[in-house]
Number of protein chains: 2
Amino acid sequence: MSIPKKEITSDKIKDSAKKLFTTKGYSATTIRDIAKESQVNIALINYYYRSKENLFRIIMEESFEQLFKQIIPILNNKDTTLEEKIESLVNNYLEFLLEFPELPLFVLNELKNNPKHLETKINLKKKVSKSSLINQIMAKNSEINPLHFVFNLLGMIVFPFIMKPVISSSKLLENEIFNQIINERKHLIPLWMNSIFNSKTEIDIFNQITKTK
Amino acid sequence: MSIPKKEITSDKIKDSAKKLFTTKGYSATTIRDIAKESQVNIALINYYYRSKENLFRIIMEESFEQLFKQIIPILNNKDTTLEEKIESLVNNYLEFLLEFPELPLFVLNELKNNPKHLETKINLKKKVSKSSLINQIMAKNSEINPLHFVFNLLGMIVFPFIMKPVISSSKLLENEIFNQIINERKHLIPLWMNSIFNSKTEIDIFNQITKTK
DNA sequence: CAAAATTTTAAACAAAAGTTTAAAAAAATT
DNA sequence: AATTTTTTTAAACTTTTGTTTAAAATTTTG
């Protein structure tokens, strides 16, 4: 029997708020919802976090951090091959998303709605575009804009979680199948990415012919 | 010089509401926002649409229709090959999304937040799973759950539009580049999908060997 | 052109939501 | 143990928001 450790009130509030914000969105979540969920007085939320917006900002920054920052070191690691990076990215990220499946849709959507978090965005974009991953992709395929492959890789990893609300109702069985499919993708996506890198366009073939001439 | 045709008030309201709902979400959009955007009196919105929720329902159904219903006939067409279906899907859908880039994130997000639109979802799932496309995919690759390829195809088409708020700020130049990349994907995605279909797993190779024995 | 129907407006209403206040309760300090 | 500090509570306050009302303006109809 585990001793129910007394959670700190401010954390209890933040956890409840995060749960509600990620599932219902910012505007649809009220202070009273958060108070009810965390079983504290309404005034305590303002006592600890000053305002709803400030509480949201803190949670948003945390979620953003969770969702993006962990992949940066993988992209920037100069000691790994492209194949190793992809495998690492697919495994770590899918494992992470299985734990927090609502995070992508939440962050991407709030990012669209709130034009505030711009600084973080610009930073992210710069870091990705100058990463070791991009260099390795360009070395492998110089004809095609590397952004295409980033879209493909991230899309194959993240998109099922964004589609999840469409395909799976609240049935537990379906959730089981979904998780199984995600686990299958852990080894399939690296395979597919490799096929994509090696698929030749008409232009590529043309260039090869003219070169050998 | 085009004569500015006088738009019907009820349509003016609906169009403004759609614009605001899709960019800001349901809860963040107020009746007063809609009134301001469409330059009508607040009371007119309730006069024509009874309530905010009813107006939203109408717009949501329209958006849902736009986003999903047009692809169903392509998936179900028994007179086209798998390759033709993919090409048609990629071309039509990317062209459509270039015109309404915020639609996917909006619909997918509201679908998650509002557990109301369930009927439409179940219908959609059934239609897709019994479609000609799924049969053709299974005929081509029986080892892998066809849902994988649906995720990949839709992901490659839709995901860039979901990532758009992250990568592109409001700069027009970046929007130009984005559109160019999407246009490139029109011929790249069918190519990639073909590569993905033909990429062999270890299990496939094993099965081939044991068969030829 | 007058009457009727429809559309539009300003104002008010009621409920919801974020925030503040001041006192009570609990915990920490001396 | 008494005092000070921190945490929690109930209640009220202020805005915001969806909705309604009743009158005015406009359009349609007979």
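We name chains A, B, ... by the order of the sequence lines, and we start the count at 1 in each one.
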Residues in ring-ring contact (aromatic ring centres under 6.0 Å, His included) with [X], at least two apart?
{"X": "A/Phe151", "result": "none"}
{"X": "B/Tyr48", "result": "none"}
{"X": "A/Phe96", "result": "A/Tyr93, A/Phe100"}
{"X": "B/Phe161", "result": "B/Phe178"}

Strictly below 4.0 Å: does B/Tyr47 bring a side-chain N or O up to OP1 or OP2 of C/dT7? yes
With a cut-off of less than 4.0 Å, is there a side-chain N or O of A/Thr9 near OP1 or OP2 of D/dT7? no
Counting only pairs under 3.5 Å, give me each side-chain donor-acceptor contact of residues 85-92 of chain B, with atom names and distances, residues two or more places apart or in other chains.
from, atom 1, to, atom 2, distance (Å)
B/Lys85, NZ, B/Asn77, O, 2.7
B/Lys85, NZ, B/Thr80, O, 3.0
B/Lys85, NZ, B/Thr80, OG1, 3.1
B/Lys85, NZ, B/Ser132, OG, 3.2
B/Lys85, NZ, B/Gln136, OE1, 2.8
B/Ser88, OG, B/Asn92, ND2, 3.2
B/Asn91, ND2, B/Glu87, O, 3.0
B/Asn92, ND2, B/Ser88, O, 3.2

Side-chain contact check for A/Tyr48: nearest option of C/dT19, D/dT19, D/dT7 is D/dT7
Given protein heavy atoms under 4.0 Å, the one-letter contact record of nucleotides 11-17 of chain C, with B base, S sugar-phosphate only and - none, is simply ------B
Euclidean distance, atom [atom1] of residue [X] to atom [atom2] of [N] [Å, nearest integer]:
{"X": "B/Leu44", "N": "C/dA10", "atom1": "CG", "atom2": "P", "value": "11 Å"}
{"X": "B/Ile8", "N": "C/dT8", "atom1": "CD1", "atom2": "C1'", "value": "16 Å"}
{"X": "A/Asn46", "N": "D/dA12", "atom1": "CG", "atom2": "C1'", "value": "14 Å"}
{"X": "A/Ile45", "N": "D/dT7", "atom1": "CD1", "atom2": "C1'", "value": "15 Å"}
{"X": "A/Ile34", "N": "C/dG18", "atom1": "CD1", "atom2": "P", "value": "8 Å"}

Could you pull out all residues at least two apart from A/Gln66 that satisfy side chain to side chain donor-acceptor pair (under 3.5 Å)? A/Lys18
Under 4.0 Å, heavy atom to any atom of DNA chain D: which of residues 10-23 of chain A qualify? none
Quick one: list whatever passes salt bridge (charged side-chain N to carboxylate O under 4.0 Å, His left out) with A/Lys130, sequence neighbours left out. none
Do the non-hydrogen side-chain atoms of A/Ile45 and A/Lys52 ever get within less than 4.5 Å of each other? no
Is it true that the side chains of A/Asn152 and B/Arg185 contain a donor and an acceptor less than 3.5 Å apart? yes
At under 4.0 Å between heavy atoms, what does A/Tyr49 touch on the DNA or RNA strands: base, sugar-phosphate, or nothing? nothing
